[in-house]
Structure formats: structure tokens, C-alpha cells
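For reference, the structure discussed in these notes is given below.
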2 protein chains.
Amino acid sequence: MFDPACPSRLSPVRIGDKWGGLVLLCLEDGPRRFSELRVPLARVAPKVLTETLRALERDGLITRTIVGGSPPGVSYAVTPLGRTMFGFIAACREWAAEHLPAVLEARSAYETRL
Amino acid sequence: MFDPACPSRLSPVRIGDKWGGLVLLCLEDGPRRFSELRVPLARVAPKVLTETLRALERDGLITRTIVGGSPPGVSYAVTPLGRTMFGFIAACREWAAEHLPAVLEARSAYETRL
DNA sequence: CTGTATCCGACACGATACTG
DNA sequence: CAGTATCGTGTCGGATACAG
């Protein structure tokens with residue numbers, strides 16, 4: 001547990017980074033193409049989005065498939081393994097909804113106490 | 001949700017960083033002093049441990065109380081708010097226990113595919 | 001004992017421009 | 001359309017030494 005090399009330290013896989021979880025959520029309702037992801041994630045530089053997608057693909061959480069046709073493009077989809085993260089992400093959001101106000105309050109109280 | 005300023009983006013509060021969650025776990029069974037934390041967290045530089053503890057305190061997840069007596073010292077304890085994170089952390093560990101092997105397999109498969 | 005001071009390297013994130 | 005190339009920035013984590 002306390003060994004930094006312990007794989008369990010990777011628990012929040014792709015959640016620890018800034019956009020991984022959000023990208024997964026964007027794919028929850030079905031496959032999306034690169035440009036479709038850029039709509040909700042407009043603030044993400046293309047380079048960063050690419051890096052995030054590569055990392056998710058590398059970890060087997062999403063697939064990347066080239067699509068012929070017109071217009072040609074690339075489609076990203078969540079794998080079954082990736083879907084197992086959704087429960088986890090939901091837990092994140094529930095915790096936030098329930099307790100984040102208290103955290104923010106503690107934070108501002110801490111500031112004024114300085 | 002997609003606004004970077006949205007507070008829900010802070011969901012993995014103090015989990016996103018490297019040691020926050022682990023420090024909380026160290027306090028699960030009761031208060032600990034600074035030096036006691038340094039035993040399991042021997043690899044953490046004192047500066048980093050201090051930063052982590054300050055951040056947790058700032059967010060209202062732990063308390064820091066000065067203890068007179070002998071030896072004098074400081075005691076850290078989880079607050080009720082901090083305890084609400086344990087379910088969340090447990091979910092992390094369960095996910096890892098169940099699915100991490102698949103991630104590692106995908107990762108090595110990805111490497112060899114290059 | 002409980003930190004703080006200082007310095008450093010690595011890396012994540014980002015803006016912009018360009019390409020097959 | 002789907003990226004890559006390049007460059008820049010800031011923050012995080014860490015080692016070491018020192019102080020109240």
C-alpha cells in the first residue's frame with residue numbers, strides 16, 4: 001500500500017489527470033469523433049486532448065478506430081473496461097454534490113483566519 | 001460540468017495529489033503525530049508531508065492540534081467531513097483490485113504493439 | 001519533535017502554428 | 001478532419017540542510 005511502486009497507487013487511473021475523467025464522460029452515451037469531443041472540451045488544446053485520448057487508449061479504457069466514408073474520420077468509444085469507471089466517477093460526483101460546500105466553507109474560513 | 005471553474009471539478013479533492021489520500025488512510029484508526037506519520041510515509045520529504053497536511057487542514061478534512069506534555073508535539077485527526085472521504089477511497093481500492101490487472105495488461109499489450 | 005528554507009528537475013498543461 | 005510540432009509556463013514533488 002505504501003510502496004510508491006504498488007499498482008494500487010494507480011487507483012484513480014486517468015482520473016488524477018485533468019481531463020481523463022471528463023473525456024470518458026463525453027463518451028458515455030456512445031462513440032464520438034475527435035471534432036465532436038472538441039465541442040464540449042473547447043478549452044482543451046488539441047495536443048492535450050490527443051495526449052489524454054492516447055493515455056486512455058493505452059490503458060484499454062477507450063478504443064480508437066479509423067472510419068472511412070464521408071467525411072472520413074476517427075471514432076473513439078468506451079470499452080467495457082472503461083465502463084467500469086463510470087460507477088467510480090459517479091461516486092466522485094455524488095461526494096462533491098454532498099460535501100463540496102463544506103469544503104469550500106472550510107477553505108474560506110481558513111483564509112480569513114490567517 | 002465542463003467549466004474548469006466549476007467546483008465539481010474538485011471532486012477528487014485531495015485525492016488527485018500524490019499523498020493526500022494516503023495520509024487520510026493513515027489517520028483512519030485514530031489521531032497520529034507528525035513523527036508517527038513519517039513512519040509509514042518514510043519516502044515523503046517532510047516538506048511535502050507538511051504541504052499535504054496543510055492542504056487537508058485547509059479543506060476541513062483533518063484538524064491540527066498542539067499537544068503539550070512530554071514529549072510535546074502535534075496531533076492530526078480526521079474530521080467528520082474527512083471521514084466522508086473513506087467510502088470514496090474504498091471505492092478506489094475496490095476498483096483497482098478488480099480492474100487494475102486488465103489495465104496493466106492493456107498497457108503492456110499497447111507497448112509491444114508499437 | 002516539528003517543521004521551514006532553498007534549490008532543483010520533471011512533467012503536465014497550454015497557445016499557436018502547421019501538416020497529411 | 002485529425003492531428004503534430006514547437007515553445008513556453010507553472011506547479012508538484014523531492015533532496016538536503018537548517019531552525020524554533
Side-chain angles (χ1 to χ4, degrees), chain A residues 2-6 9-24 26-27 31-59 62-77 107 110 114, chain B residues 2-6 9-10 12-24 26-27 31-59 62-77 110 114:
Chain A
F2 296 98
D3 180 356
C6 171
R9 295 297 303 281
L10 301 174
S11 308
V13 194
R14 301 288 94 213
I15 293 282
D17 68 5
K18 198 167 184 178
W19 300 107
L22 220 40
V23 168
L24 277 177
C26 289
L27 295 173
R32 295 277 181 275
R33 341 164 114 242
F34 191 84
S35 53
E36 288 172 329
L37 289 172
R38 297 212 59 193
V39 176
L41 301 170
R43 290 181 188 79
V44 189
K47 177 198 139 191
V48 175
L49 181 54
T50 300
E51 287 171 353
T52 303
L53 289 165
R54 287 281 184 284
L56 290 168
E57 186 193 2
R58 185 178 103 106
D59 286 352
I62 65 173
T63 57
R64 175 181 183 271
T65 55
I66 296 172
V67 176
S70 116
V74 180
S75 181
Y76 293 94
R107 213 175 266 194
Y110 187 86
L114 295 182
Chain B
F2 296 99
D3 180 353
C6 172
R9 294 297 301 282
L10 300 175
V13 193
R14 300 287 96 214
I15 292 282
D17 67 6
K18 197 167 184 179
W19 301 106
L22 220 40
V23 168
L24 278 176
C26 289
L27 295 174
R32 295 277 182 272
R33 342 164 111 243
F34 191 84
S35 54
E36 289 172 329
L37 289 172
R38 297 212 60 193
V39 176
L41 301 170
R43 290 181 188 77
V44 189
K47 175 199 141 193
V48 176
L49 181 54
T50 298
E51 286 171 353
T52 303
L53 289 165
R54 286 283 184 283
L56 290 167
E57 186 193 3
R58 186 178 102 107
D59 285 352
I62 65 173
T63 57
R64 175 181 183 271
T65 55
I66 297 173
V67 176
S70 115
V74 180
S75 180
Y76 293 95
Y110 187 87
L114 295 182

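By convention in this document, chain letters (A, B, ...) are assigned in the order of the sequence lines, proteins followed by strands, and residues within each chain are numbered from 1.
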Rounded off to whole Å, could you give me the [atom1]-to-[atom2] distance for the [X] and [N] pair?
| X | N | atom1 | atom2 | answer |
| --- | --- | --- | --- | --- |
| B/Leu49 | D/dG14 | CG | P | 11 Å |
| A/Ile66 | D/dC1 | CD1 | P | 16 Å |
| A/Asp17 | C/dG14 | CG | C1' | 15 Å |
| A/Arg38 | D/dA2 | CZ | P | 11 Å |
| B/Lys18 | C/dC11 | NZ | P | 11 Å |
| A/Glu36 | D/dG3 | CD | P | 13 Å |
| B/Phe34 | D/dA19 | CZ | C1' | 14 Å |
| A/Leu41 | C/dG14 | CG | P | 11 Å |

Check your understanding: Of all heavy-atom pairs between A/Cys26 and A/Arg32, which one has the smallest distance, and what is that distance?
Key -> O-CG, 3.8 Å
Practice item. Kindly compute the distance separating CG (B/Leu49) from CZ (B/Arg43), expressed to the nearest 0.5 Å. Key: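 Result: 14.0 Å between the selected atoms.
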Practice item. Quick one: pull up CG in B/Leu56 and CZ in B/Arg64 and give me the separation to the nearest 0.5 Å. Key: 13.0 Å
With a non-hydrogen cut-off below 4.0 angstrom, is [X] in contact with a base, only sugar-phosphate, or nothing?
| X | value |
| --- | --- |
| A/Pro72 | sugar-phosphate |
| A/Val74 | sugar-phosphate |
| A/Arg54 | sugar-phosphate |

Exercise for review: Determine whether B/Arg33 and B/Pro71 make a side-chain contact, defined as any pair of heavy atoms from C-beta on separated by less than 4.5 Å.
Suggested key: yes
[X] side chain near [N] phosphate (N/O to OP1/OP2, under 4.0 Å):
| X | N | value |
| --- | --- | --- |
| A/Arg64 | D/dG3 | yes |
| B/Thr50 | C/dG3 | no |
| B/Arg33 | C/dC1 | no |
| B/Trp19 | D/dG14 | yes |
| A/Tyr76 | D/dG3 | yes |

Check your understanding: C/dT4, C/dT16, C/dG14: which one has an atom nearest the side-chain heavy atoms of A/Pro46?
Key -> C/dT16
**Study point:** Single hit among A/Val44, A/Leu37, A/Leu24 for side chain to side chain contact (heavy atoms under 4.5 Å, CB included) with A/Trp19
**Key:** A/Val44
Practice item. Confirm from the modelled atom types if B/Lys47 and C/dG3 form a donor-acceptor pair under 3.5 Å, side chain to base only. Key: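 Check fails, no donor-acceptor contact within cut-off.
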